[in-house]
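To keep things clear, I will list the structure first and then write my remarks on it.
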Amino acid sequence: MLPQLAIALTSILLQSDIATAQLTPAATLASLYSLTTSTSIPFPTATLSNQDTQSFITSGWSLSNGRIQNGASDLTFVDDPFPNASAPSSTGSTNGPVLQVTYPQGSYSHGTGGAQLYSLWNTSDGSQFNSMLLTYEVAFDANFDWVMGGKLPGVRGGPDPNGCSGGNASTGSNCFSSRLMWRKSGQGEVYAYIPETDQMCSQSSFMCNSDGYGTSIDRGAYSFVAGQWNLVTMLVRLNNPLNTANGEVSLYYNNVKAIDEKTVQFRTSDSINIGGLYFSTFFGGDNSSWATPQTTHTYFRNIQLWGSSATSNLTGPTVSGASQTSSGSGWLLSLVVSVVAVCMATEQEPIVRIRDLKKDRVNFVLENVDMAVANSFRRVMMADVATVAIDLVEIQTNTTVLPDEFIAHRLGMVPLVSTGCEESMRYSRDCTCSSFCKYCSVILTLNVSCSEAETTVNITSDHLEVVTDPREYEESDTDGEELTKRVEYFGWPVGKNNPDVAPVLIGKIRIGQELKLKCFAKKGIAKEHAKWSPCSAVSYEYDPYNKLRHTSYWYESDPKVEWPPSENAKEEEPPRDDEPYDFNAKANKFYMEVETLMRGEIVGSAITPGEVSRPYLGSEART
């Protein structure tokens with residue numbers, strides 16, 4: 001009854017002058033913004049099997065890399081499941097099959113359900129698009145469970161066809177993406193991977209993330225309805241000049257404007273244009289809390305695009321390099337930017353150029369600084385950035401072959417989610433509690449036993465459970481705002497329940513053996529203990545041609561052949577054979593790379609045995 005009631009109410013509204021004045025079809029928008037080039041994504045005239053659907057899309061949708069990126073087996077052209085529930089005010093075709101996307105029970109993220117592909121819109125004259133209008137109709141099963149949310153198609157662009165999704169942040173020069181997203185109860189939003197600036201993130205309509213994922217724009221500005229067709233139209237106009245936040249993103253739901261943001265910076269480099277349709281839809285989120293409890297479907301039809309090479313002509317605030325936030329790689333990018341302030345105390349004008357930025361690593365060039373500054377910067381990143389780590393372990397039962405101290409040390413080296421801990425957690429030395437309160441501690445428990453013969457049970461970081469019951473924590477004398485600043489899954493083991501991240505192995509047990517313990521995680525820095533180091537590696541190279549002769553090469557016949565220059569040598573002029581040695585030359589250009597403890601293989605290699613910080617004390621050991 002609800003879909004029919006919604007249609008009836010909308011039909012009544014359409015008869016009023018007020019509602020009619022607010023309706024703006026996609027074709028009208030395209031004309032208004034002079035988007036003169038258009039295309040429609042082809043659909044077949046009859047239903048197709050899954051294999052035929054894959055062949056049809058691969059051959060006719062002009063796919064990046066010539067393939068469907070994820071979820072090819074979840075795509076099928078089927079009959080319209082809602083032939084009598086068209087989107088209000090839609091003028092699109094209601095004949096022919098529609099594209100069904102299946103989300104298997106328990107699926108989340110693009111690797112386990114839904115589908116993802118990048119359809120390139122190639123123009124006949126080779127021109128690039130800087131403005132694009134996308135419209136399509138989407139329907140959800142009548143019993144669709146929204147859970148926590150999921151992605152819907154949008155547009156993307158830039159030289160990196162695989163970035164700006166899945167936690168790979170936008171640097172402003174690699175890529176951007178602008179998709180739609182449903183949230184709890186069907187609430188809608190625009191979900192974009194774009195450079196996050198202080199100016200943008202200070203606005204209430206933008207919900208910026210510090211973990212590498214996208215920005216939520218105007219969450220709840222409209223709502224999807226299950227069991228009927230919904231019409232969505234999104235306009236994206238890239239910013240110009242590059243240092244100006246005058247880009248535009250607008251969203252029309254059933255031809256009524258719901259979102260209109262005109263101070264967006266999509267790019268910092270003119271290498272970014274709009275490439276075409278980013279057909280990306282799945283539940284999530286990157287962990288099982290987003291998973292669909294049942295196999296369910298969405299349906300798509302009437303996918304059209306309009307485009308133009310013109311950029312936004314709006315006015316907007318100028319964005320300085322220092323106002324870029326740490327979106328995407330958390331403390332990594334903020335540290336890179338902060339080095340400028342340190343170096344500005346000298347007479348030189350430092351330059352920081354980010355070459356590659358991902359969720360777990362950043363590669364950048366630091367110029368016009370002394371070697372002492374570059375090395376100090378490396379040491380600060382390793383030893384002075386606060387994280388959360390297990391600091392105290394209460395062993396309750398341990399019948400494994402490993403001693404308590406060894407287990408405590410391995411637990412201390414398990415990386416925990418520490419995003420924003422500078423503001424969301426107190427140092428225990430600064431807290432007024434006598435032991436462990438909710439403001440300075442995170443309590444985790446582990447209880448694993450083996451009761452089956454001929455079976456080996458691996459005890460891993462996935463068995464650690466965060467205690468959320470406030471009664472387990474000591475009362476604090478002073479309340480604070482730390483808890484409100486914590487991200488979701490704060491204090492959890494990195495990658496817990498994520499099939500793409502291997503858990504950390506703590507030990508193995510056989511029948512009759514058990515391990516039961518309680519852990520207390522605290523905030524600290526690596527100057528106190530290596531377990532608090534946020535990095536797995538920090539390195540830098542300078543003088544790749546060895547012009548300064550700081551390195552003496554051992555060789556057999558030809559050092560140039562046996563010691564070829566690194567990739568960084570492409571950034572500098574090679575020396576001439578007759579070039580004299582400059583005794584006054586100093587290194588002032590450094591190629592730096594930082595890796596964090598985010599990827600499964602890095603997490604695994606980070607757990608190595610070592611000495612305990614203090615002697616074993618009964619059933620309690622400190623890591």
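We count residues from 1, following the sequence as given.
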Inset, instruction - Check the pair Val190, Asp218 against side chain to side chain contact (heavy atoms under 4.5 Å, CB included), reporting the backbone distance first and the verdict last. - result: CA-CA 7 Å; Val190 171; Asp218 287 298; over 6 Å; no
Do [X] and [Y] have side chains that approach each other closer than 4.5 Å (heavy atoms only, starting at C-beta)?
| X | Y | result |
| --- | --- | --- |
| Glu593 | Asn363 | yes |
| Lys184 | Trp146 | no |
| Lys257 | Leu29 | no |
| Glu482 | Met425 | no |
| Phe129 | Thr37 | yes |
| Phe377 | Val538 | no |
| Tyr118 | Asn162 | no |
| Ser288 | Tyr108 | yes |

Inset, instruction - Output all residues satisfying disulfide bond (SG atoms under 2.5 Å apart) with Cys175, sequence neighbours left out; order by chain, then residue number. - result: Cys164
Legend entry - Pairing of Glu465 and Lys496 as salt bridge, 4.0 angstrom limit: yes
Legend entry - Pair Asp384 + Lys527, salt bridge at N-O below 4.0 Å: yes
Legend entry - Worked check of side chain to side chain contact (heavy atoms under 4.5 Å, CB included) between Asn375 and Tyr540: CA-CA 8 Å; Asn375 191 52; Tyr540 72 81; 3.7 Å; yes
Legend entry - Exceeds 12 heavy-atom contacts within 6.0 angstrom, atom CD of Glu571: yes
Any donor-acceptor N/O pair, [X] side chain to [Y] backbone, under 3.5 Å:
| X | Y | answer |
| --- | --- | --- |
| Ser177 | Gly157 | no |
| Ser131 | Ala310 | yes |
| Gln265 | Leu242 | yes |
| Asp160 | Gly163 | yes |
| Asn239 | Phe266 | yes |
| Ser461 | Val504 | yes |
| Lys531 | Val414 | no |
| Ser109 | Asp286 | no |
| Asn209 | Gly214 | yes |
| Asn287 | Ser289 | yes |

Legend entry - Candidate list Asp74, Thr281, Asp145, Thr112, test side chain to side chain donor-acceptor pair (under 3.5 Å), partner Tyr103, passing option: Thr281
Inset, instruction - Pick out which of Arg355, Glu367, Glu572 makes a side chain to side chain donor-acceptor pair (under 3.5 Å) with Tyr591. - result: Glu572
Would [X] and [Y] count as a close aromatic pair, with their ring centres under 6.0 Å?
| X | Y | value |
| --- | --- | --- |
| Phe283 | Phe144 | yes |
| Trp306 | Tyr33 | no |
| Phe300 | Phe279 | yes |
| Phe282 | Trp290 | no |

For [X], which residues count as a side chain to side chain contact (heavy atoms under 4.5 Å, CB included) partner, sequence neighbours excluded?
| X | answer |
| --- | --- |
| Glu541 | Pro544, Ser566, Asn568 |
| Met207 | Ser216, Arg219 |
| Ser424 | Cys421, Lys485, Arg486, Phe490 |
| Ser269 | Ser173, Ser271 |

Legend entry - Stepwise side-chain hydrogen bond (donor to acceptor under 3.5 Å, both in side chains) test for Ser205 and Glu261: CA-CA 9 Å; Ser205 55; Glu261 298 293 345; 3.1 Å; yes
Legend entry - Sequence neighbours excluded - salt bridge (Lys or Arg N to Asp or Glu O under 4.0 Å) pairs with any residue from residues 234-250: Arg237-Glu248
What is the minimum heavy-atom distance between [X] and [Y], and which atoms define it?
| X | Y | value |
| --- | --- | --- |
| Leu35 | Ser308 | CD2-CB, 3.5 Å |
| Lys151 | Gly284 | NZ-O, 2.5 Å |
| Ile194 | Phe176 | CG2-CB, 4.5 Å |
| Pro104 | Gly113 | CD-CA, 3.7 Å |

Inset, instruction - Could you go through the side chain to side chain contact (heavy atoms under 4.5 Å, CB included) check for Leu416 and Val442 one step at a time? - result: CA-CA 10 Å; Leu416 306 180; Val442 174; over 6 Å; no
